[in-house]
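The structure under discussion appears below in the form of structure tokens.
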Amino acid sequence: MNDYAERQYEGKGNNSQNEPIFKDDPPKKEHYIAAKPLVEAVNVALYLRRPLLLEGEAGCGKTRLAYSVAYELGYPLKECYIRSTSRAKDLLYTYDAVKRLYDIHEKKGKDDESLPPREEYATLGELGEAIELSQKDKPSVVLIDEIDKADIDFPNDLLLVLDRLWFTIDEAKEKGQKAPRYDALNGQERHERTHVLPLIIITSNREKELPKPFLRRCLFYYIEFPQKDKLEEIVNSHFPNRLSTETVDIAIKRFLQLRQQKQFSWRKRPSTSELLDWFLALERDEKQQGINIYQTLSTLTEGREFPHLEALVKNQSDRDKLKDLEIKNEQE
Amino acid sequence: MREYEALLYPVFDYLQRHNVPLGVSEYELALSTLRDSGIADIEHLKRFCRLVWAKSLEDQELFDTAFAEFVEYSVQVEFVKILRDVEQTDSSISTSPFDTDEETVSDGNLQQDDSTVNQTEHQSSQEHGQKSFDSETELKDSTQHTLQTDEPDKVDTKTETQESSIQWGHSHSRFHKRGGGNLYAGRDLMKFHLTPRFPLGRREMAGAWRHLRRLQRSGHPEELDVEGTIHQVCQSGFFVQPVLQPRRRNQAKLLLLIDQRGSMSPFRPLVKLLLESILRGGMLGRVAVYYFHDCPGEYLYQQRNLHEAFPCKDILLHHARENSVLIISDAGAARGNYDHQRQQQTRAFLKELHEYTYLYAWLNPVPLNRWQGTTAEVIAHFVPMYPFDREGLHDAITILRGHPFPPGVNIDVKYA
């Protein structure tokens, strides 16, 4: 008997307490510190198995959350990265009709004209695989990343699948037989099988407005930028015992000063992922070049340039505005 | 029914009326989940409902307002009342209706005795009622109330409850009607609601724009053309290579002509929302926006402040040919008078536009009943003009897709 129904998400960046479903291919460890409401949201989504739609600033850890959930629960992670040409059907399966056509012609006129079954020409997509796993009573985490990148039809086409959690491969239908069918519910009621259904996590950057019926079915959570103490926790989880407490403290202070400055509005505000990159660069300086980071940062006056600004500021206009500000401050 | 269910309904109703995409199943879902798993405290209840019911950052703000108004306020008032009553009756109970475990919530049938029938006999219906309140009670009189519990030493046997049923659903609405006398009344209701809500939300606008599409195959050939391949095999007798075709993409193009300044100034936020909805709708192949003042003349402007002028002819030639054109202007309806020159000038422009395309429509942000007797009423005879509301936008988009003009609307109509 498995314990899938009891598995809960904690979001503290600890080692996973749960046994991975596929021991030979366990999900990678993820240092992710989630705010309490977010942990609650994930657990509600787990309980209801409704898709969890995440929004938030770029770099605040929307995608990473899915990794972290998969790791902690020990579920396999199925990642669907959406492109502008993605179609909902591609997430379920692709059918290689051209290959079959070639095979037919190759065998033509030969003694053995039999072809492999049609189903062999179909390849399951990530969501398709997740549904197949569910059918075999194995839950998974499905990440549908940046859904707003796709064509406006995409979410609508996905609706039916997300609702019913089954699909058929119509192209692979053999004569006199039914088309191959994958069904996460396996003919049972939804509430009987919630614990083995895939947990679907969807991220969006709000480039496009998602259709109403799609939104209706999702749980929505907006990931806020973490508070200072949470930031410290995050940094310590990623750099355990590698940087002194004072260094972390002063660096986060400086980072927040930069982030919350009111003189101009950011085009792209530095976020958690930028902060972690910055720490990596700072740590390298300290280890390899023997620069005392604490001293550099604590003597940093507003007029002087940040070390490794390239890790924090990601576009020219922000950089220019920041430079202007520095010059102004120096003149004063 | 448990009391939080009655409390939550107004929140749900409020959100639904404000066009948050919610259905009965979402209401059911929230309640059944709460029933199964219980609520830890009111903050938890709030977070949970927000997760299930709010679908964007704006919705979340809306939710917070509704929750503060309908739930937190009621609970706070009840809580304060209980505390006071407890002090009065020297009772030591101070359980809030939303306590740390669900049992308390489900058992905490709060009723209140009516002050007018105070000091009467204790009723048998009270036997398994716990702390009870009756919603009929005036808030300001709450200090006179007595708390009842089923524990004998804390029961005030002198009081009687007229209605033993819980009336939370009604009580919350009473609370803010009578806000005045109580110390806490009205405090939370003083919050201002600063998220602009328009008669037509961006989500609906984006939904409407989805209908404006002209799918055509363009770009790289990347999709297998099954029919073409079979055809080729049949023709040559053997299979050489698959025939590919480009994907179908939305090729609809839109030219937006927006009246700016003057009488259109108050409608700026609405127009801005429309623009956003088009860009966020994301399905239009190309959108061009030009501005004018009062009526399109010889020049149209690329900037909102009527800078960067381009000859109208060039723009029509470039953007309007065979494309959809949407004009947004009050057509003089905001001022409320008839301006012959404006009418003539607009008509001249429309005639010119008609040579390039017949896919054009007009959205007028002024309501239909205000067009009467103004320039707008006359212009509406030449061009399909619709008020800027849900139906109007849909109708305008139908015209932009190529539907014929409504009867009686014609550029060549003789208007006396």
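In what follows, chains carry the letters A, B, and so on, assigned in the order in which the sequence lines appear, proteins first and then strands, with residues in each chain numbered from 1. These numbers come from a predicted model, not from an experiment.
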Practice prompt. Starting at OG of B/S56, measure out to CD of A/E209 and round the result to the nearest 0.5 Å.
Written response: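 If I round to the nearest 0.5 Å, the distance is 7.0 Å.
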Discussion item. Working to the nearest 0.5 angstrom, can you tell me the gap between B/H44 NE2 and A/K36 NZ?
Written reply: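 The NZ atom of A/K36 is 8.0 Å from NE2 of B/H44, to the nearest 0.5 Å.
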Item to complete: Tell me, out of A/P213, A/S204, A/P37, A/A45, who's got the most heavy-atom pairs with chain B below 4.5 Å.
Response: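 That would be A/P37.
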Practice prompt. Sort out for me which of A/L52, A/T85, A/I104 touches chain B most, counting heavy-atom pairs under 4.5 Å.
Written response: A/T85
Neighbour count >12 (heavy atoms, 6.0 Å) for atom [atom1], [X]:
X	atom1	result
B/K272	NZ	no
A/H105	NE2	yes
A/R216	CZ	yes
A/E192	CD	yes

Worksheet item: Hey, is A/R87 close enough to B/E223 for a salt bridge, meaning N to O under 4.0 Å?
Response: yes
Fill in: Partner chain A: residue of B/L57, B/L22, B/L224, B/V226 with the largest heavy-atom pair count (under 4.5 Å)
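Maximum pair count with chain A is reached by B/L57.
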Worksheet item: Relative to chain B, which segment of A/D148 carries a heavy atom at a distance below 4.5 Å: side chain, backbone, both, or neither?
Response: neither
Practice prompt. Under 4.5 Å heavy-atom distance to chain B, tell me which part of A/L48 shows up: side chain, backbone, both or neither.
Written response: side chain
Item to complete: Residue by residue, scan residues 91-100 of chain A and write down, ordered by number, those that have a heavy-atom distance under 4.5 Å to chain B; if none do, write 'none'.
Response: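 Listed by number, the contacting residues are A/A97, A/V98.
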Discussion item. Show, in sequence, the C-alpha distance, side-chain angles and deciding distance for A/R206 and B/E58, and conclude whether the salt bridge (Lys or Arg N to Asp or Glu O under 4.0 Å) test is met.
Written reply: CA-CA 12 Å; A/R206 303 202 80 188; B/E58 291 85 10; 3.2 Å; yes
Discussion item. Walk me through whether A/F220 and B/D59 qualify under side chain to side chain contact (heavy atoms under 4.5 Å, CB included).
Written reply: CA-CA 10 Å; A/F220 172 82; B/D59 294 353; over 6 Å; no
Discussion item. Under 4.5 Å from any heavy atom of chain A, what part of B/E43 do you find: side chain, backbone, both or neither?
Written reply: neither
Worksheet item: Sequence neighbours excluded, which residues qualify as ring-ring contact (aromatic ring centres under 6.0 Å, His included) partners of A/F167?
Response: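 Residues passing ring-ring contact (aromatic ring centres under 6.0 Å, His included) with A/F167: A/Y182.
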Discussion item. Run the side chain to side chain contact (heavy atoms under 4.5 Å, CB included) test on B/L51 and A/E40 for me, step by step, so that the C-alpha distance in whole Å, both residues' side-chain angles and the decisive distance to 0.1 Å come before the verdict.
Written reply: CA-CA 9 Å; B/L51 182 70; A/E40 241 174 53; over 6 Å; no
Fill in: B/R210 side-chain N/O to A/P211 backbone N/O, donor-acceptor pair under 3.5 Å
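No, the answer is negative, given that no donor and acceptor are paired below the 3.5 Å cut-off.
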Worksheet entry | CA sep, side-chain torsions, deciding dist, call: A/Y102, B/Q241, side chain to side chain contact (heavy atoms under 4.5 Å, CB included) | CA-CA 8 Å; A/Y102 276 121; B/Q241 59 174 29; 4.3 Å; yes
